[in-house]
Amino acid sequence: GAADARSSRGMGDGASARQDTSRAARKDEHVALARAQEIRRNDFDSVAPIHHALGACDVAAVDLSTQVGPFTWPVPFYINGMTGGTEATGRINRVLAIAAREVGVPMASGSASVALDDPATASSFTVIREGNPRGFVMGNIGVGRSGADARRVVELLGADALQLHLNAGQEIVMPEGEREFSGWRASVEEIVAQAGVPVIVKEVGFGISRETQRVLADLGVHVVDVGGEGGTDFSRIENSRREAREYSYLAGFGQSAALCLLEAEAGSRLDLLASGGVRTPLDVVRSLILGARAAGVARQFLELAVQGEEAAVAGLRSWRDQVRALLALLGAQTVSAARQCQVLITGELAERARLRGVD
Ligand code: FNR
């Protein structure tokens with residue numbers, strides 16, 4: 001019926017109550033399958049900041065704070081939406097929440113609609129706020145859920161903002177995935193209107209084109225995470241969950257975060273965030289140079305989380321210190337000054353940007 005159709009939408013949001021076991025299993029599978037992917041070369045390698053030997057500024061003078069929509073974040077990177085819904089993923093969220101609190105890093109939950117459909121799983125999400133009572137927390141929900149559900153996720157987490165994920169490239173390959181996409185624009189509009197907090201629309205690794213950025217701005221969205229290709233690849237993850245694995249050719253489908261930032265309209269109304277294949281603090285800085293307000297990191301912080309609390313705190317501290325050091329090296333005292341840094345765009349990324357009309 002209609003209720004089942006609704007609850008079957010979104011990133012691993014799917015499934016009616018009778019499928020709850022497999023739905024929980026999927027959350028654990030996503031973690032395992034994401035971790036099994038090799039961390040590869042990607043378009044960030046084609047973004048080469050120009051070094052000026054006398055251009056560095058004092059490390060201590062660098063201000064890492066950044067403006068994202070109506071918010072000021074203490075650092076220009078964040079723990080992107082990943083998980084929750086099972087005991088194991090609840091432990092990951094708890095470790096990440098504590099590290100986020102200790103280092104002052106904004107953090108998103110994984111898609112939390114499972115917690116609406118099966119309240120027994122709620123604690124694996126609420127640990128994110130419990131572990132980090134005053135930090136910046138984002139909820140996460142898939143497009144296609146109701147505005148009321150979006151609001152319930154925000155309330156469950158005490159979230160400051162809501163990530164709303166667009167993931168058609170995943171749903172298509174997901175064995176139990178969504179097949180109806182024509183209602184998605186109306187859904188974005190409804191969720192923006194009813195969430196009760198600012199909504200950050202994100203992709204999950206296929207990119208948000210210039211054209212889609214414009215549509216989102218017209219729908220009332222102010223912050224977009226371009227979530228590009230080159231990192232965790234959900235077409236590969238879902239393909240390996242299919243018996244026949246017929247979609248293997250779709251690996252790498254979509255646009256990289258670097259390309260999405262390059263092709264963004266000059267004077268766009270949106271604040272852009274970059275994610276997808278952010279492997280190092282240098283990739284964060286490359287994103288900032290290309291105009292992102294901050295960069296989202298999923299896989300690399302997942303690796304820290306599975307090593308435990310101490311490693312996660314140390315790891316996030318190290319990223320913060322390295323981003324500060326790299327900005328000083330480039331002579332950027334602020335995150336917005338990084339946009340003035342000179343950069344070479346090489347290889348295929350340059351060609352793709354040119355074909356998309358970027359000069
Ligand atoms: C994700 N991602 C994700 N995104 C989202 O909006 N809702 C979700 O529930 C999930 N779930 C999820 C689980 C796992 C295990 C991973 C690794 C990732 C996608 C994530 O936010 C990000 O867009 C991509 O992972 C690309 O970033 P990385 O991994 O290359 O840094």
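The first residue of the sequence shown is numbered 1, and numbering continues consecutively from there. For ligands, and for the atoms within them, numbers begin at 1 and follow the listed sequence.
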Quickly, which of Met107, Arg299, Gln300, Lys202 forms a side chain to side chain contact (heavy atoms under 4.5 Å, CB included) with Asn80? Name it, please.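 Of Met107, Arg299, Gln300, Lys202, side chain to side chain contact (heavy atoms under 4.5 Å, CB included) with Asn80 is met by Lys202 alone.
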[X] to ligand 1: N or O pair under 3.5 Å?
X	result
Gln163	no
Gly81	yes
Val297	no

Which one of Lys202, His165, Met82 has a non-hydrogen atom at the shortest distance from atom 4 (N) of ligand 1? Lys202
Per-atom contacts, ligand 1 versus [X] - under 4.0 Å to a heavy atom:
X	result
His30	15 (C)
Gly277	28 (P), 30 (O)
Arg299	28 (P), 29 (O), 31 (O)
Val204	4 (N), 6 (O), 23 (O), 24 (C)
Gly231	30 (O)
Gly110	9 (O)

Kindly work out whether a path of hydrophobic side-chain contacts (I/L/V/M/F/W/Y, heavy atoms less than 4.5 Å apart) joins Val105 to Leu96. yes
Can you tell me which portion of Ser111 lies within the under-4.0 Å heavy-atom range of ligand 1? Options are side chain, backbone, both, or neither.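 Within the 4.0 Å criterion, Ser111 contacts ligand 1 through backbone and side-chain atoms alike.
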Non-hydrogen atoms of [X] versus ligand 1: any pair closer than 4.0 Å?
X	value
Gly227	no
Glu203	yes
Asn140	yes
Phe301	no

Run the salt-bridge test on Arg356 and Glu263 with the 4.0 Å N-O cut-off and return the result as yes or no. yes
Identify whether the distance between the nearest side-chain nitrogen and carboxylate oxygen of Glu238 and Arg242 falls below 4.0 Å.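 No, this pair does not count.
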Please answer whether the main-chain N or O of Gly135 pairs with a side-chain N or O of Arg129 as donor and acceptor at a distance below 3.5 Å. yes
Can a donor-acceptor pair be found, under 3.5 Å and without considering hydrogens, that links the side chain of Asn93 to the backbone of Ile128? no
Are Asp271 and His222 side-chain neighbours, meaning at least one heavy-atom pair lies under 4.5 Å? no
Side chains of Val173 and Leu250: closer than 4.5 Å at any heavy-atom pair?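 Yes - at least one pair of side-chain heavy atoms lies under 4.5 Å apart.
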What closest approach, in Å, do Ser287 and Phe44 show between heavy atoms, and which atom pair accounts for it? OG-CE2, 3.3 Å
Non-hydrogen atoms of Ala159 and Gly139 that approach each other most closely: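 Heavy atoms of Ala159 and Gly139 come nearest at CB-N, 3.5 Å.
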